[in-house]
Amino acid sequence: MNNRDIAAVLRRIADLLDIEGDNPFRANAYRRAAQAIETCRQPVAELADVTALPGVGKGVAAVVDELVATGRSTLLEELEAKIPAGLLALLRVPGLGPKKIGVLYRELGITSLADLEKALNEQRVRALPGFGAKTEQNLRQALRAATQRPERLPLAYVLPVAEAIEQHLASLEAVARFSRAGSLRRWKETVKDLDFVVATALPEEVADALAAMPGVARVIAKGPTKVSVELDLTWPVTVDFRLVPPEAFASALHHFTGSAEHHVRLRQRAKAKGLSLSEYGAEEAASGRRIAFASEEALYAALDLPYIPPELREGEDEIEAAEAGRLPRLIAEADVRGDLHLHTTWSDGGNTIEEMAEAARLRGYAYIAVTDHSQSLKIAGGLSPKELAAQREAIADLNKRWDDFAVLTGVEMDILPDGRLDYPDDVLKELDVVIGSIHQRFRQDADTLTKRIIGAIENTHVDIIAHPTGRLIARRDPYPLNLDAVFEAARETGTALELNSNPNRLDLKPEHLRRAKALGVPIAIGSDAHSVAELDNIRAGVGTARRGWLEKTDVLNTRPLDALLAYLRRNG
DNA sequence: GCCGTTTTCGGCCCGACTGTTTTCAGTCG
């Protein structure tokens with residue numbers, strides 16, 4: 001059992017304890033331990049003493065030891081004997097928590113989503129204590145939404161929605177200031193809902209305007225400090241707006257950015273310093289004096305910490321790092337000097353080389369590499385060696401146009417199922433940037449896939465491995481791969497691994513990036529743009545890089561053109 | 001269940017909103 005499996009069992013135990021009505025702090029203790037184990041770098045099975053982890057004591061350690069030894073948990077089995085497993089699915093229905101689920105089970109014998117739907121339709125739920133006709137109606141709608149959409153929505157799905165909302169907020173005169181918050185601001189790859197903090201002196205007016213916003217299917221909650229709506233989309237999206245007076249904006253933004261885990265730890269720290277932290281600021285326990293923070297920086301300063309950027313606020317080791325002065329100076333979008341992965345009309349892109357180049361230049365880039373698909377990827381119009389040579393000539397022509405911008409020649413070349421590359425070396429050696437990619441036969445076993453990728457890494461002409469794990473968020477698992485071996489080969493040869501910025505991919509993931517950084521493996525952030533608009537993908541890439549604690553110096557395409565070319569040509 | 005320059009017992013982050021209640025429990029983040 002790996003750490004993730006163990007954490008999943010502990011969370012399951014916590015959920016079951018909650019439904020059983022046990023001491024809620026006991027359930028939370030299991031969740032806290034799960035978090036510690038999940039983020040532990042070393043397999044806990046190899047740890048001499050699990051209780052060394054924060055939040056893991058004798059009780060949890062006994063469960064973990066049993067899991068490691070037998071793969072089973074007596075505690076979990078006892079709980080499952082008492083509580084039908086189907087009840088866990090009910091926890092995913094918004095509006096249902098452990099207490100209400102307990103009542104539904106004990107009073108009506110409900111053990112599944114289907115049971116609940118039936119009871120709702122027969123109006124048996126409204127008679128229960130603590131329930132009513134309104135609850136019944138809300139549950140009916142929530143149930144429909146919950147069964148209709150995945151629990152967390154991919155970034156790629158919600159980003160355009162968020163941008164439209166931001167346009168709307170910007171158009172409201174009563175809005176003084178606003179910002180994304182929640183996991184969207186932290187650039188998490190999936191989000192449960194969208195959060196915005198809005199500063200206004202006229203909360204009622206803004207609340208009315210937001211509730212009446214186009215696309216709103218229903219208003220879930222509306223008060224002077226909060227509006228919560230559900231949008232009518234393929235997958236319904238819940239949007240929470242927090243309305244605060246302008247002077248409370250920074251505190252509120254911090255609060256609603258989360259994560260919950262980060263806040264728990266921060267508030268523990270605040271308490272130790274005699275401060276009580278809330279969404280409105282801080283209060284000195286001794287004097288009762290209230291402090292409103294002018295900025296998030298001021299909030300952290302009050303806790304004797306340097307500013308911790310949103311992307312790091314995951315409740316892992318960021319507070320310890322901040323305390324020790326070990327926070328990274330995170331890469332910023334402005335540090336990116338060029339894009340090393342994009343497509344044009346020569347293969348499956350929607351814009352010409354010229355259009356892509358002009359758009360990149362307008363973004364302030366100093367260079368792009370044109371990396372269309374290679375010959376075996378027929379479906380994407382992959383280029384033959386002859387076409388590739390013609391493209392090189394076209395690029396050489398185009399380059400005469402600028403003295404402040406360069407188009408590099410390149411290719412996104414398939415690594416074939418048998419491990420061979422899609423072009424011979426004498427074709428590759430003519431190109432500035434060669435990306436190796438797997439697009440076919442990714443169901444091979446881990447050993448074969450790992451060998452394919454390492455074979456490409458070891459070719460001196462290959463500079464970057466694109467989307468190394470091949471996952472598609474919420475759609476396709478990463479392919480089985482010995483990532484440690486891939487990282488090691490990349491480190492030895494200086495081959496960069498890509499952080500692919502397509503919001504459906506975001507591959508490598510933050511935890512991979514941290515490992516790569518620790519090993520000294522260079523990372524290339526690529527947009528994988530198939531159109532001018534998709535050059536913007538880079539934002540999600542930079543956000544993900546920041547979640548992976550990357551600095552400017554960890555990323556290849558932050559280098560000026562000369563330094564980049566020198567690096568690419570180091571092996572001839 | 002965990003944890004301790006408040007402590008080995010008694011806390012455990014904090015506040016808003018809803019709906020069902022007549023003063024508050026449950027849920028959410």
Side-chain angles (χ1 to χ4, degrees), chain A residues 10 13-14 17-19 21-36 50-64 75 90-104 125-139 142 181-186 188 191-197 203 207 219-228 238-244 248 251-252 254-283 285-286 303 313 315:
Chain A
L10 296 179
I13 288 173
L17 286 171
D18 267 340
I19 294 174
D22 204 303
N23 173 4
F25 295 110
R26 188 179 172 214
N28 265 334
Y30 278 97
R31 288 198 184 93
R32 180 142 186 262
Q35 163 93 358
V50 198
T51 60
L53 293 174
V56 179
K58 273 200 282 185
V60 174
V63 176
V64 172
L75 174 59
L90 298 186
L91 278 172
R92 291 215 312 270
V93 179
L96 277 186
K99 294 282 163 46
K100 288 204 155 113
I101 290 173
V103 173
L104 289 169
V125 172
R126 64 176 62 184
L128 297 175
F131 292 75
K134 194 73 195 276
T135 308
E136 206 174 68
Q137 189 193 339
N138 287 342
L139 280 177
S183 44
L184 182 71
R185 182 169 180 235
R186 304 198 314 275
K188 227 177 134 130
V191 306
K192 217 170 139 213
D193 53 23
L194 298 178
D195 294 291
F196 293 90
V197 174
V219 178
I220 300 167
K222 181 162 164 279
T225 69
K226 173 184 168 171
V227 177
S228 187
T238 303
V239 190
D240 290 331
F241 298 96
R242 308 292 177 144
L243 313 179
V244 297
S251 294
H254 181 263
H255 178 81
F256 293 113
T257 296
S259 69
E261 293 75 16
H262 180 77
H263 280 289
V264 168
R265 288 174 199 193
L266 217 51
R267 285 175 182 187
Q268 285 165 348
R269 185 183 174 89
K271 209 168 172 181
K273 292 185 182 297
L275 287 173
S276 167
L277 218 54
S278 81
E279 61 201 84
Y280 296 109
E283 190 177 311
L303 301 176
R313 300 178 197 163

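Chain identifiers are assigned alphabetically (A, B, ...) following the order of the sequence lines, protein sequences preceding nucleic acid strands; residue numbering begins at 1 within each chain.
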Looking only at atom [atom1], what distance separates [N] and [M], rounded to whole Å?
{"N": "B/dG26", "M": "B/dT21", "atom1": "P", "result": "12 Å"}
{"N": "B/dC3", "M": "B/dT8", "atom1": "C1'", "result": "9 Å"}
{"N": "B/dC14", "M": "B/dC9", "atom1": "C1'", "result": "24 Å"}
{"N": "B/dT20", "M": "B/dT27", "atom1": "P", "result": "13 Å"}

Under 3.5 Å, is there a donor-acceptor pair between the A/Thr257 and A/Arg185 side chains? yes

Specify the separation, in whole Å, of atom [atom1] of [X] and atom [atom2] of [N].
{"X": "A/Tyr30", "N": "B/dC3", "atom1": "OH", "atom2": "P", "value": "13 Å"}
{"X": "A/Leu266", "N": "B/dC13", "atom1": "CG", "atom2": "P", "value": "13 Å"}
{"X": "A/Asp22", "N": "B/dC2", "atom1": "CG", "atom2": "C1'", "value": "14 Å"}
{"X": "A/Leu139", "N": "B/dG19", "atom1": "CG", "atom2": "P", "value": "11 Å"}

Mind checking if A/Ala14 touches a base, just sugar-phosphate, or nothing, with heavy atoms under 4.0 Å? nothing

Need one value for A/Leu277: base, sugar-phosphate or nothing, where a base atom within 4.0 Å counts as base even if backbone is also close, heavy atoms only.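 Counting heavy atoms under 4.0 Å across all strands, the contact made by A/Leu277 is with sugar-phosphate only.
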
Give a yes/no on whether any side-chain N or O of [X] is located under 4.0 angstrom from OP1 or OP2 of [N].
{"X": "A/Ser278", "N": "B/dC13", "answer": "no"}
{"X": "A/Tyr280", "N": "B/dA16", "answer": "yes"}
{"X": "A/Thr225", "N": "B/dC17", "answer": "yes"}

For a quick check, tell me whether the side chain of A/Asn28 and the base of B/dG1 share a donor-acceptor pair closer than 3.5 Å. no

Measure the acute angle between the ring planes of A/His254 and A/His263, then classify it against the limits of 30° and 60° as parallel, tilted or perpendicular.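 Geometry flag for A/His263 against A/His254: perpendicular rings.
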
Which pairs, with at least one residue in residues 51-64 of chain A and sequence neighbours excluded, count as a salt bridge (charged side-chain N to carboxylate O under 4.0 Å, His left out)? none

Atom pairs under 3.5 Å, N or O on each side, protein against nucleotides 25-29 of chain B: can you list them with distances?
from   : atom 1 : to       : atom 2 : distance (Å)
B/dT27 : OP1    : A/Gly97  : N      : 2.7
B/dT27 : OP1    : A/Gly97  : O      : 2.9
B/dT27 : OP1    : A/Lys100 : N      : 2.9
B/dT27 : OP2    : A/Lys99  : N      : 3.2
B/dT27 : O5'    : A/Gly97  : N      : 3.4
B/dC28 : OP1    : A/Gly95  : N      : 2.6
B/dG29 : OP1    : A/Asp193 : OD2    : 3.1
B/dG29 : OP2    : A/Lys192 : NZ     : 2.9

Return the nucleotide paired to B/dC24: Watson-Crick means purine N1 to pyrimidine N3 with N6-O4 or O6-N4, wobble means G-U with N1-O2 and O6-N3, both under 3.5 Å.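 Pairing partner, where one exists within any strand: B/dG19.
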
Upstream residue (5' side of DNA chain B) when A/Lys58 and A/Ile220 are each assigned their closest nucleotide: A/Lys58

Let me know, please, whether A/Gly55 or A/Pro129 comes out on the 5' side of the other along DNA chain B by nearest nucleotide.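 Its nearest nucleotide being more 5', the pick is A/Gly55.
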
In sequence, state the C-alpha distance, the side-chain angles, and the governing distance for A/Asp18 and A/Arg26, and then conclude on salt bridge (charged side-chain N to carboxylate O under 4.0 Å, His left out). CA-CA 9 Å; A/Asp18 267 340; A/Arg26 188 179 172 214; over 6 Å; no

